[in-house]
Amino acid sequence: QLNPKHGNYWSCRGIAPNTAKTVYHGTSRENAKAILKNGFKPSTGGLLGPGVYVTTDKSKAEAFAGSGGAVVKALANFGEVATVDARGAREHGYSANSWQAGHDAGYVPKGEGVARPEHCVKNPARLAPVA
């Protein structure tokens, strides 16, 4: 099995090699088991539109999972990332998912409408669950 820390892992998935970042995804225990077995599946909606939501802040994933859930650790190759002003989108009525037209991931920094940072990744092949 290929290692997601190496470029060949991403290349064989049709994704340009890039530095992989450690991210976390909070979910139910049942979903965590499925993710570790079969990989991530994108949501159909959310603040930044459809995709897989992850964070570099483990405490955010833990809070989302809650006491009965689990946190999946993954390596992410984000590709082209758009920084999204989620607060501005809400205040001024424009779409917070317009990033999806030309980027691989959307990023909302801490304080831009969220208490802790988060990414939305369009293509789940850009995420490699590791634990």
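Computed from a predicted structure; not experimentally measured. We number each residue from 1, following the sequence as shown.
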Restricting to non-hydrogen atoms, name the atom on Ala70 and the atom on Ala65 that form the minimum distance, rounded to 0.1 Å.
O-CB, 3.4 Å
Nearest heavy-atom pair of Pro129 and Ala74: which atoms, and what distance?
CA-CB, 3.9 Å
Suppose the criterion is side chain to side chain donor-acceptor pair (under 3.5 Å): which pairs have a residue in residues 72-83, not counting sequence neighbours?
Asn77-Arg126
Determine which pairs satisfy side chain to side chain donor-acceptor pair (under 3.5 Å) with at least one residue from residues 47-56, sequence neighbours left out, and list them in order.
none
Can you name the residues that form a side chain to side chain donor-acceptor pair (under 3.5 Å) with Ser59, not counting sequence neighbours?
Asp57, Arg116
Pairs of donor and acceptor atoms involving the side chains of residues 36-51, under 3.5 Å and at least two apart or interchain, shall be tabulated with distances.
residue	atom	partner	partner atom	Å
Ser43	OG	Gly45	O	2.9
Ser43	OG	Gly51	O	2.9

Taking only distance into account, with no hydrogens and no angle test, what donor-acceptor pairs under 3.5 Å do side-chain atoms of residues 117-124 form with protein atoms, sequence neighbours excluded?
residue	atom	partner	partner atom	Å
Glu118	OE1	Lys60	NZ	2.9
Lys122	NZ	Gln100	O	2.7
Lys122	NZ	His103	O	2.8
Asn123	OD1	Ala125	N	2.9

Stepwise side chain to side chain contact (heavy atoms under 4.5 Å, CB included) check, Val71 with His25:
CA-CA 5 Å; Val71 173; His25 177 80; over 6 Å; no
Return each pair, listed once, that meets ring pair (Phe, Tyr, Trp, His ring centres under 6.0 Å) where at least one residue sits in residues 55-74; pairs must be two or more places apart or across chains.
none
Could you list who else is in Leu75's hydrophobic cluster, with ILVMFWY side chains joined at under 4.5 Å, directly or through other members?
Val130
With sequence neighbours left out, what residues match Ser28 under side-chain contact (heavy atoms from CB on, under 4.5 Å)?
Glu30, Asn31
Please enumerate all residues that pass side-chain contact (heavy atoms from CB on, under 4.5 Å) together with Lys58, with sequence neighbours excluded.
Tyr24, Glu62
Indicate yes or no: at least one non-hydrogen side-chain atom of Val23 is less than 4.5 angstrom from one of Leu127.
yes
Tyr107 side, atom OH; Phe78 side, atom CZ - distance, nearest 0.5 Å
9.5 Å
Scan residues 43-53 for pairs that pass salt bridge (Lys or Arg N to Asp or Glu O under 4.0 Å), counting only residues two or more places apart or in two chains.
none
Before you tell me yes or no, could you show the steps for Trp99 and Val84 under side chain to side chain contact (heavy atoms under 4.5 Å, CB included), namely the whole-Å CA-CA distance, both residues' side-chain angles and the distance that decides it to 0.1 Å?
CA-CA 7 Å; Trp99 65 270; Val84 178; 3.7 Å; yes
